[in-house]
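Please read the structure below before turning to the comments.
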Amino acid sequence: MAAPPLTEGTVAVEGQTLFYRRAEPAQRAPELTVLLLHGIRFNSDTWLQLRTLATLAEHGYRAVAIDLPGLGRSKDAAAPAPVGQPAPGSFLKAVLEALRLGPAVVVSPSLSGMYSLPFLFQHGHLLKAYVPVAPICTEKFSAEQYAQIKTPTLIVYGDQDAELGQVSLNNLRHIPEHQVLVLRGAGHACYLDKPEEWHRGLLAFLRQLQ
């Protein structure tokens, strides 16, 4: 099987320059687009080294990983205003538009919750599905607000993540159409601890969306 083409580049988003990596299926048009965000200690290189980009492309998906503002190779970009204001959600919408991705599945670990959660509430029509991985900021929205979300959601966390795992689950489980993937023996960055289980669970969820 031909290896999926991997490219990298930069894109202008609301006056900021963001670095991104992209993997495309080698033999056919992509089934879905998956946008991979990251936590504060990580960047798009995490998904490259973990082979998440390649794995998604090998299974027929377009995978795009960005370096968030102020991090990785986007460290010169300034982050938008904090959660509670429209800026972070609008910023992610601008990312999708700048990269011409169309409606996508958004994978959002840890720090990236400050972008993905406002995006979920403000621009849910641009989300094919949502994969929060113990994100921050889940407590900023009420159970009633979560109950209004119509986006299919896969809640992921490691059972050894004492800080954000259970907290994020308790808040996000109010989303009506949700599933839960618990990675046993894994910590906060659970995908690093259990990459095979992470990829297997993510691919199974994506197959259900098609």
Side-chain angles (χ1 to χ4, degrees), residues 34-44 46-47 50 52 65-66 68-71 79-89 91-93 95 104-124 126-206 208-209:
V34 181
L35 177 63
L36 297 151
L37 308 179
H38 60 83
I40 194 165
R41 293 186 292 115
F42 305 101
N43 53 56
S44 62
T46 304
W47 303 120
L50 202 64
T52 301
I66 65 167
L68 290 167
L71 299 168
V83 168
Q85 308 194 22
F91 185 82
L92 214 47
K93 177 174 181 282
V95 168
V105 178
V106 171
V107 174
S108 178
S110 198
L111 168 93
S112 66
M114 68 172 278
Y115 296 93
S116 66
L117 283 160
F119 182 71
L120 176 70
F121 285 98
Q122 294 163 22
H123 307 290
L126 293 176
L127 271 170
K128 286 283 190 185
Y130 183 46
V131 184
V133 187
I136 66 169
C137 298
T138 59
E139 75 288 347
K140 295 185 181 294
F141 304 92
S142 68
E144 292 74 24
Q145 285 175 294
Y146 283 115
Q148 301 303 310
I149 296 296
K150 296 180 169 57
T151 306
T153 300
L154 177 66
I155 302 166
V156 185
Y157 70 101
D159 68 351
Q160 301 303 304
D161 181 3
E163 190 173 345
L164 277 165
Q166 199 64 44
V167 170
S168 60
L169 173 67
N170 289 344
N171 293 318
L172 293 165
R173 65 184 171 81
H174 297 290
I175 296 174
E177 196 181 334
H178 80 265
Q179 300 172 42
V180 180
L181 173 63
V182 185
L183 299 183
R184 305 286 175 192
H188 181 53
C190 54
Y191 41 88
L192 290 183
D193 294 336
K194 299 287 181 176
E196 288 182 18
E197 290 92 330
W198 156 245
H199 289 144
R200 191 161 54 240
L202 177 59
L203 289 168
F205 177 67
L206 294 175
Q208 295 171 23
L209 301 173

Listed by chain and number, what are the side chain to side chain contact (heavy atoms under 4.5 Å, CB included) partners of [X], not counting sequence neighbours?
{"X": "Lys93", "value": "Glu97, Phe119, His123, Leu126"}
{"X": "Ala104", "value": "Thr33, Leu96"}
{"X": "Leu192", "value": "Phe42, Thr46, Leu50, Ala189"}

What's the shortest heavy-atom distance between [X] and [Y], and which atoms?
{"X": "Leu209", "Y": "Pro152", "value": "CD2-CB, 3.9 Å"}
{"X": "Leu154", "Y": "Leu202", "value": "CD2-CA, 4.4 Å"}
{"X": "Lys194", "Y": "Ala186", "value": "CG-CB, 3.9 Å"}
{"X": "Gly113", "Y": "Pro118", "value": "O-CD, 3.7 Å"}
{"X": "Ile149", "Y": "Ile175", "value": "CG2-CG2, 4.0 Å"}
{"X": "Phe205", "Y": "Val131", "value": "CE2-CG2, 3.9 Å"}

Please examine the side chains of [Y] and [X], heavy atoms only from C-beta on, and report whether any two atoms are closer than 4.5 Å.
{"X": "Thr52", "Y": "Trp198", "answer": "yes"}
{"X": "Leu172", "Y": "Thr153", "answer": "no"}
{"X": "Leu183", "Y": "Tyr157", "answer": "no"}
{"X": "Leu117", "Y": "Tyr130", "answer": "yes"}

Inter-residue atom distance [X].[atom1] - [Y].[atom2], 0.5 Å rounding:
{"X": "Tyr115", "Y": "Leu68", "atom1": "OH", "atom2": "CG", "value": "5.5 Å"}
{"X": "Asn170", "Y": "Ile155", "atom1": "CG", "atom2": "CD1", "value": "9.5 Å"}
{"X": "Gln148", "Y": "Phe141", "atom1": "CD", "atom2": "CZ", "value": "14.0 Å"}
{"X": "Leu35", "Y": "Ser108", "atom1": "CG", "atom2": "OG", "value": "9.0 Å"}
{"X": "Lys128", "Y": "Leu206", "atom1": "NZ", "atom2": "CG", "value": "12.0 Å"}
{"X": "Leu120", "Y": "Lys150", "atom1": "CG", "atom2": "NZ", "value": "11.5 Å"}

TODO: Only counting residues at least two apart or in another chain, list the ones meeting ring-ring contact (aromatic ring centres under 6.0 Å, His included) with Tyr146.
DONE: Phe121

Task: Gln145 side chain to Ser142 backbone, donor-acceptor under 3.5 Å - done: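 The answer is yes, because a donor-acceptor pair under 3.5 Å joins these two groups.
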
Task: Over 12 non-hydrogen atoms of neighbours within 6.0 angstrom of CD in Gln160 - done: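 Atom CD in Gln160 is packed in, count exceeds 12.
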
Task: Where at least one partner belongs to residues 175-188, residue pairs that pass side chain to side chain donor-acceptor pair (under 3.5 Å), sequence neighbours excluded - done: Ser110-His188, Asp161-His188, Gln179-Gln208

Task: Ser116 and Ser112: side chain donor to acceptor below 3.5 Å - done: no

Task: Partners meeting side chain to side chain donor-acceptor pair (under 3.5 Å) with Asn171 (sequence neighbours left out) - done: Thr138

